[in-house]
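The block underneath contains the structure these notes are about, expressed in structure tokens.
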There are 2 protein chains.
Amino acid sequence: ESILSALKAAHDAWSGWVCVLLVGVVVGAVASFIDIGTTWMTDLKYGICPDAFWFDREQCCWSSNQTSFSDNCSQWLTWPQLFGASDDSAGGYILAYLFYVLWAVSFGALAAILVRMFAPYASGGGIPEIKTILSGFIIRGFLGKWTLLIKSIGIMLAVAAGLSLGKEGPMVHIAICLGNIFSYLFPKYGRNEAKKREILSAAAAAGVSVAFGAPIGGVLFSLEEVSYYFPMKTLWRSFFCALIAAFIVRTINPYGNEHSVLFYVEYNKPWIFYELIPFTALGILGGLIGTLFIRANVWWSRYRKGSRLGQYPVLEVLAITLINGIVAYPNPYTRMSSTRLIYLLFSQCGVANTDDLCDYNRNITDASSAVEFSETGPGVYRALWMLVLALIFKCVITVFTIGIKVPAGLYIPSLCMGAIMGRIVGIGMEQLAYHDPHSWIFHGECSAGGEDCITPGLYAMVGAAAVLGGITRMTVALVVIMFELTGGVRYIVPLMAAVMASKWVGDAFGKDGIYDAHIVLNGYPFLDNKEEFGHTTLAADVMQPKANKPLTVLTQDTTTLEGVEMLLKETDHNGFPVVVSRESQFLVGFVLRRDLSLAVANAKRTMEGLREDSLVLFTPNIPSPWHGSLPLKLRRILDLAPITVTDHTPMETVIDMFRKLGLRQVLVTHNGRLLGIITKKDVLRHMKQMDSEDPDAANTN
Amino acid sequence: ESILSALKAAHDAWSGWVCVLLVGVVVGAVASFIDIGTTWMTDLKYGICPDAFWFDREQCCWSSNQTSFSDNCSQWLTWPQLFGASDDSAGGYILAYLFYVLWAVSFGALAAILVRMFAPYASGGGIPEIKTILSGFIIRGFLGKWTLLIKSIGIMLAVAAGLSLGKEGPMVHIAICLGNIFSYLFPKYGRNEAKKREILSAAAAAGVSVAFGAPIGGVLFSLEEVSYYFPMKTLWRSFFCALIAAFIVRTINPYGNEHSVLFYVEYNKPWIFYELIPFTALGILGGLIGTLFIRANVWWSRYRKGSRLGQYPVLEVLAITLINGIVAYPNPYTRMSSTRLIYLLFSQCGVANTDDLCDYNRNITDASSAVEFSETGPGVYRALWMLVLALIFKCVITVFTIGIKVPAGLYIPSLCMGAIMGRIVGIGMEQLAYHDPHSWIFHGECSAGGEDCITPGLYAMVGAAAVLGGITRMTVALVVIMFELTGGVRYIVPLMAAVMASKWVGDAFGKDGIYDAHIVLNGYPFLDNKEEFGHTTLAADVMQPKANKPLTVLTQDTTTLEGVEMLLKETDHNGFPVVVSRESQFLVGFVLRRDLSLAVANAKRTMEGLREDSLVLFTPNIPSPWHGSLPLKLRRILDLAPITVTDHTPMETVIDMFRKLGLRQVLVTHNGRLLGIITKKDVLRHMKQMDSEDPDAANTN
């Protein structure tokens, strides 16, 4: 028997690990599938592989020897080429433009229609809802298989449509859907909401891990941003899950290079102490852009909700996709996919690089020599103008894009805006150093000449982190993601400086990050565990009922069936306290409305001899000389261990208990007598009220 | 007035940031000082700089041009050289040996005497005590200024003595002492134990950050290993504190190179998929070594406590230092400092490297060409033997060293053991690949020849992580520290695989990591928040008093002063529940023993007319027609919001409340009547009992 119980215990202990293993493997596989599909559809906007239309450009060109990243090979035909026009002719340009916009609009429309028809929850990023769910709220269908399927297909289409959105938020949502579905295979997790959330936290880590190729960043993201309560066990499981998922992606290798990271940077130069000034400035700018973005986006989302616009989601998607396609195409930096643009901005100019951005007046004698520190050529100025236009366009279009009814994450657009901003500042700094290498800032490092002392790509990296920090208000997770993303270990201090500056500036102008802002916008019952509650109100000030109104209770042995049914009909409380008697009000337990109405309905169907005046008993035994009709015994549905506080308990402590113990309500007693009840909604209302009101005035209530 | 309150609020909000800023700066400065002092004293064992004795070898050689890391310059004299003997002669060897052992023993003795005389708490690593303190327990003097001072000096001496210990654990202790001292500058933190712990968590992060040059790893260490409760606010503060501290160290730059990391690895080669097999094997080995180490160390520590050995701590230190010095000197790998050995084992063999470890049969034609993949020479075999001996020696001596009464951390010795083990396995794999490059394992990567396909240094890195993981049972923090430490971003998956394997194997053989084992050994009241409590006992089974004994309570208005004094004398409870009356037992509040005895003593001194039969009142008002002597009103010391649970509450929930709310006791009620009390000690006793007993048998109690 002891062997059996040992085996049972082992199964119990391992089922969590097996579950996250499965989740990790499947998340990795799905992510690879999405990556491959997205690349194929994105390339479809530019041309096709006539020999094998299911190949993207890179695969199409594999057999040829011209495998350079930016150039076309002969196997791959652009749309003008397919129709016999030259790429450089005016007709060819128009044809390419037309195909680009057409494909974009069709992808966008298809995504919007799929979402509208099959899974409305698949729209947007999903992080605010996930935060709310992990804090203990249940949104039915949000983590179901239809959402999973449509979100997976929809995000491929939406990214391929060239919209200003990324697949990182949706990837987290997809991973959590998978976590939810797999948890039902293990009764220990499927049947217990609290245990299930452990699996969901791990799945969230896996989602970020595959989206960025950043397993540790994923775990921290899950910890810092998504999960509400994160026990150490969850940390290890999340770590394992993220590792497996990242490993699967690396094995399938959708990025098509040997690095397991998305935007691997090649440079490894030290940065100069005084560069912390521009880095912090980028952080401040990032915080400002982030705050403005959040305000604009929330304002527009509220307008959408209130106006007739909200009734035509597919039309809205079509309009945005059309405008986006038409405006994006002429500018090469907006025409390319956001990930490619970020990669380009992060990288250093190599000798062989022919992009406008790298058009420096250099004396290239040897292709393998170090890149010289030199003056910009006309190409760089052209590129700068294009980048400024791209930045303005991205900022504006992203505000309108985040919130339309297709799957949409905001990491990539944020990184993109930040990278553009950073690169512009970086080129400025570089030219400053070139023209005045002996000034106090650059003295020592740049005056020697020869090697580049300022790396504009690093500024792009820092800028990207700053804007993403300003929008999401993440700190540690963001720095870890950025440096896993780019492989730039030695740039932790610059990244940290920028992210801290960005967060402080952002917090000064508006307390909430984009996720919290959307939680407030949508009115989800989310009790933020970051804010401190500094007021001195007591539980008695917040509890229901107020002042002279009576408290809705059940008694343990004097309530009739009629009384219970009346109570269920007349009130809409989620549960009822049970007391010894109406006079003494000593608390016995708490019964949930759902359980009570189920039990009553069940009893009426099956129990014979049940009358309207039958007593409903919550006591363990029937009083021994029993008269009258058969009583209904309901002790088994009674929660005998409700959490209570006294009326003198400070609200700070009560809120702490709600957060840490994940409560939905708490009962308030005085000397053992029940006085009232505080629900999560009461707490949220009270916190909001205290934040807006003068604290002293509220105290006198 | 609103401006004033706004200013006050701003000061309130910022004081935390200012405090961690100060802590970060000072931790960075102290760490740099310790680093510099340690290097100087370590070099003193080998020789001296006659022109300026306060220079270490590197500084001494700065002015010369022979600045190679391993060679001596002419300014620096070894002890034999100083006395006119040649380094290579037998006499010179003996002289050098003698000086080495002499210096080591003097440093060790000095450290032990300082600790014994001024600050006994400065011995050891301090992490188990810190964990206990952060879980809510108070150890007076453990975080005081004497501990700080002696620990700072002692760790320099202990490391310089060449003992098998590191300065990482003590650095965390030093940082936390600084955090504690600085928190008193800010009343908001100094006066509130819970708030102060936020500062201490941040300081712990800074401690690891400076010890390894790993700020993110530091934050995760604080989160995973040290801190008990870690709110999000603490995460940001810790991040900031760690950043500042790392930055200060980087600015002062005690490592003397441009990298801010301790063991920077130069190689950047991809690893082969099948290498995961040896990496996992290293993880398993690491887990085994870790478990054995913990058992041996705990056994020896218990023996020390019980035997007369514990009464002569200074003698013990002298003996260990002497043995360590004598045995370590002949083997070059144990003679050098552990950090240098780790650095050597982690690095790849360059062309210019003349160490035995790099004695390969290579055809060196061009100094800048890539290192060829080649057969080992005789030197490698010699080095391997030396390394095996070094591994055995380190394993044995570390067991006896950790626990002696000098400051001592176990990170560096663990890393050292693991690195030796890993390097040995790595060289084995390398030769396997050289002799059979076409086997299924190496096929594809190694069969091309030319470049090295197996990096022995990577195995050393993975092995180091595995042993450290086996000993401390850290996961995420360890991987992050390792990859911040080495700068090897692309080796996350191998590191993760090894650490997970190590942890699983370790957990299978013994649940506790070294810190938890020492907490149990020392009997600290630490309620582990990692373990799950899977039993089904109820609060009623655990509460005191048992069965028929009466509960010690105070009544709100019928207890006399005599009764209170009797209660204080006859019991040693830390607090007493106050009830309405002895008959009804309805709970009013809870009063702490300390407050009660203070209040009584105070009243007896100041209140006239107080008699033995005066009533002690806990009610808000004196009953209006008052007869008899003047009552003592003590409502102000009454905690009106004690945390209560019902007798039917599962112990799982009760333990959860203890952990998350940081409780010391909880009161048990039934229908509003007080039944008993559960203290933290009761919970710990119950958990231990349940773990050792058959769960079914315990249920019937």
Side-chain angles (χ1 to χ4, degrees), chain A residues 2 12 215-216 219-220 223-224 231-233 235-236 239-240 243 246-247 250-251 258-261 270 273 475-476 479-480 483-484 487 489-490 492-493 496-497 500 503 529-530 532 534 539 580 586-589 640-646 648-650 653 656-657 660-661 669 671-673, chain B residues 12 215-216 219-220 223-224 231-233 235-236 239-240 243 246-247 250-251 258-261 270 273 475-476 479-480 483-484 487 489-490 492-493 496-497 500 503 529-530 532 534 539 580 586-589 640-646 648-650 653 656-657 660-661 669 671-673 694:
Chain A
S2 74
D12 217 48
I216 295 171
V219 173
L220 284 170
L223 167 73
E224 188 179 350
M232 281 304 115
K233 207 153 207 164
L235 191 66
W236 299 333
F239 182 45
F240 179 69
L243 161 73
F247 188 73
R250 187 187 179 276
T251 310
E258 59 170 276
H259 301 299
S260 57
V261 292
F273 181 84
T475 51
V476 190
V479 172
V480 175
F483 98 105
E484 277 194 276
V489 192
R490 65 160 59 208
I492 298 181
V493 172
M496 277 183 156
M500 294 300 313
K503 182 168 165 59
N529 52 2
K530 285 174 190 163
E532 246 174 89
V580 172
F586 292 122
L587 182 66
V588 175
L640 288 165
I643 303 285
T644 58
V645 296
T646 68
H648 280 86
T649 312
T653 310
D656 209 39
M657 289 174 75
K660 290 182 186 164
L661 303 177
T669 61
N671 291 8
R673 284 163 208 266
Chain B
D12 215 50
I216 295 171
V219 173
L220 283 171
L223 167 73
E224 189 180 347
M232 281 304 113
K233 206 154 208 162
L235 190 67
W236 300 331
F239 182 45
F240 179 70
L243 161 75
F247 189 72
R250 187 186 181 278
T251 310
E258 60 169 276
H259 300 299
S260 56
V261 291
F273 181 84
T475 52
V476 189
V479 172
V480 175
F483 98 104
E484 277 194 275
V489 192
R490 66 160 60 209
I492 298 180
V493 172
M496 277 182 158
M500 293 301 313
K503 183 172 163 54
N529 52 4
K530 283 172 192 164
E532 244 175 89
V580 173
F586 292 120
L587 181 68
V588 175
L640 289 165
I643 303 285
T644 58
V645 295
T646 67
H648 280 88
T649 312
T653 309
D656 208 43
M657 288 173 77
K660 291 182 187 164
L661 303 176
T669 61
N671 290 9
R673 284 163 207 265
D694 183 24

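Numbers restart at 1 for each chain; the letters A, B, ... are given by sequence-line order, proteins then strands. Excluded from the calculations below are hydrogen atoms, water molecules and symmetry mates; all remaining heavy atoms, backbone and side chain alike, are included.
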Test side-chain contact (heavy atoms from CB on, under 4.5 Å) applied to B:Val480 and B:Val219, step by step: CA-CA 10 Å; B:Val480 175; B:Val219 173; over 6 Å; no

Residues in side chain to side chain donor-acceptor pair (under 3.5 Å) contact with A:Thr669, at least two apart in sequence or another chain: none

Those residues that, when tested against B:Asp656, pass side chain to side chain donor-acceptor pair (under 3.5 Å) (two or more places apart): B:Lys660

Check each atom of [X] against the heavy atoms of chain B and say whether the ones under 4.5 Å are side chain, backbone, both or neither.
X        : value
A:Ile643 : side chain
A:Phe239 : both
A:Val645 : neither

Stepwise side-chain contact (heavy atoms from CB on, under 4.5 Å) test for B:Leu223 and A:Leu223: CA-CA 11 Å; B:Leu223 167 73; A:Leu223 167 73; 3.3 Å; yes

Spacing of B:Thr475 atom OG1 and A:Trp236 atom CH2 [to the nearest 0.5 Å]: 6.5 Å

Among B:Thr653, B:Leu640, B:Thr649, residue most engaged with chain A (heavy-atom pairs, under 4.5 Å): B:Leu640

Under 4.5 Å from any heavy atom of chain A - which part of B:Leu220: side chain

